[in-house]
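Quick notes on the structure that follows.
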Amino acid sequence: MACRSVFDAGVITSEFDKAGISPHFIPCVWKWVARNPSCEWTDIPSLPSAAYLVLNSKFKPLTSTLHSRVDSSDQVTTKLLIKLQNEAFVEAVIMTYDTRLGKYCGKPRPGGLRSTLCISSQVGCKMGCKFCATGSMGFKSNLSSGEIVEQLVHASHISSIRNVVFMGMGEPLNNYTAVVEAIRVMTSSPFQLSLRRITVSTVGITHAISKLHNDLPGVNLAVSLHAPVQDIRCQIMPAARAFPLEKLMDTLQVYQKNSKQKIFIEYIMLNEVNDEEQHAHLLGKLLETFDVQVVNLIPFNPIGSISQFRSSSDVKVSNFQKVLRGTYNIRTTVRKQMGQDISGACGQLVVNLPNKRSSVNAELLADIEDLRL
């Protein structure tokens with residue numbers, strides 16, 4: 001039987017409990033491993049003797065390895081290819097931002113550079129969104145909570161991670177239990193991330209959205225809406241048939257009422273599919289009764305020969321943004337393309353390595369988690 005990741009919180013808590021070991025020792029183990037991923041269990045000082053026996057027989061410090069790292073020519077994006085214990089691969093992306101960009105209460109922001117980690121929750125994805133490379137893989141397996149946390153461990157040895165977004169491979173709310181447990185580890189010692197700096201993205205798994213606030217009060221919710229009407233959603237997102245737009249919006253109304261939190265809306269711009277002025281008005285009317293943090297317009301990123309879509313023109317994106325801002329007073333941003341040359345941009349994660357570089361100039365950006373009123 002394969003050993004489990006020591007960051008599988010539920011498993012190590014159960015094993016320590018069965019052996020009569022206090023759970024207070026678990027953060028000590030995590031802290032040591034996070035700093036020394038290749039350590040031996042005997043390297044960790046001051047544990048009860050029973051703890052060493054449990055760790056040796058049941059766990060590995062890390063069950064995954066960093067197979068490769070590819071840096072984008074934009075100089076602010078790094079893609080990590082991580083090999084799991086079962087020989088499968090997942091990808092994670094580190095994005096560097098400048099917190100001084102943008103405004104806060106109308107004034108320039110303090111701060112400096114920091115990194116956001118885009119993390120995977122599954123190998124592949126069963127949602128089948130037609131604009132997403134990961135969907136072309138189909139669904140392979142769920143990650144354990146420990147395998148999710150290990151992506152943060154690997155990334156932390158490359159850059160200091162302040163924000164985590166579950167926008168990598170997989171639908172996070174289809175692996176609900178592991179994602180919630182992983183986030184609880186990330187917000188505890190030794191990582192100590194703030195829930196306000198963690199964003200869970202979903203295509204709209206309504207029953208899981210209903211549970212999220214109770215389990216993780218304060219976590220950010222981002223909804224991959226991508227179309228303002230049900231028929232277009234079904235064309236580009238097959239899962240929309242199981243989670244109809246009307247039911248999704250009702251669920252979000254209840255979520256917002258209970259959580260008192262604003263919601264991030266993600267909207268991919270597909271030429272002649274969902275990017276016309278009429279679509280902008282339909283989206284504005286759909287969101288009129290919501291307290292939206294921001295609508296993030298996402299330029300479509302090419303996914304090779306499997307793509308049936310084209311990117312919207314800059315003019316169309318700009319006009320779409322003007323309608324949402326001007327007519328409906330909805331805060332709207334356009335996501336900058338980062339890591340496209342290493343297939344690390346939004347929708348491009350499909351476990352492969354790039355075969356070319358682009359000549360994109362380095363440009364530090366303001367991240368969506370910093371866009372707070």
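Listed by first and then second residue, the side chain to side chain donor-acceptor pair (under 3.5 Å) pairs that reach into residues 178-194 are Ser145-Glu181, sequence neighbours excluded. Applying the side chain to side chain donor-acceptor pair (under 3.5 Å) test to every pair with at least one member in residues 164-175, sequence neighbours left out, gives these pairs: Glu171-Thr202. Sorted by first then second residue, the side chain to side chain donor-acceptor pair (under 3.5 Å) pairs that include residues 11-28, not counting sequence neighbours, are Glu15-Lys18, Ser22-His24. Residue pairs satisfying the ring-ring contact (aromatic ring centres under 6.0 Å, His included) criterion with at least one member in residues 223-249, sequence neighbours excluded, are listed as follows: Phe131-His226.
In this structure, Lys211 is positioned above the aromatic face of Tyr176, its NZ or CZ under 6.0 Å from the six-membered ring centre and within 45° of the axis.
Taking the side chain to side chain donor-acceptor pair (under 3.5 Å) definition, one finds that Lys58 meets it with nothing, sequence neighbours left out. With sequence neighbours excluded, no residue satisfies side-chain contact (heavy atoms from CB on, under 4.5 Å) with Ala242. With sequence neighbours left out, Lys83 forms a side chain to side chain donor-acceptor pair (under 3.5 Å) with Glu87. Listed by chain and residue number, nothing satisfies the side-chain contact (heavy atoms from CB on, under 4.5 Å) test with Thr177 (two or more places apart in sequence, or in another chain). Taking the side-chain contact (heavy atoms from CB on, under 4.5 Å) definition, one finds that Asn36 meets it with Trp32, Cys39, sequence neighbours left out. Listed by chain and number, the residues in a salt bridge (charged side-chain N to carboxylate O under 4.0 Å, His left out) with Glu276 are Lys316 (sequence neighbours excluded). Partners of Ser144 according to the side-chain contact (heavy atoms from CB on, under 4.5 Å) rule, which considers only residues two or more places apart in sequence or in another chain, are Arg4, Asp8, Glu147.
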N/O donor-acceptor pairs under 3.5 Å from side chains in residues 245-255, not counting sequence neighbours:
{"unit_1": "Thr251", "atom_1": "OG1", "unit_2": "Lys247", "atom_2": "O", "d": "2.9"}
{"unit_1": "Gln253", "atom_1": "NE2", "unit_2": "Thr289", "atom_2": "OG1", "d": "2.7"}

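Pairing each heavy atom of Ser312 with each of Val317, the nearest pair is CB-CG2, 3.9 Å. Residues Gln151 and Glu91 approach most closely at OE1-O, 4.0 Å, considering heavy atoms.
Environment of CD in Glu288: crowded, with over 12 heavy atoms of neighbouring residues, nucleotides or ligands closer than 6.0 Å.
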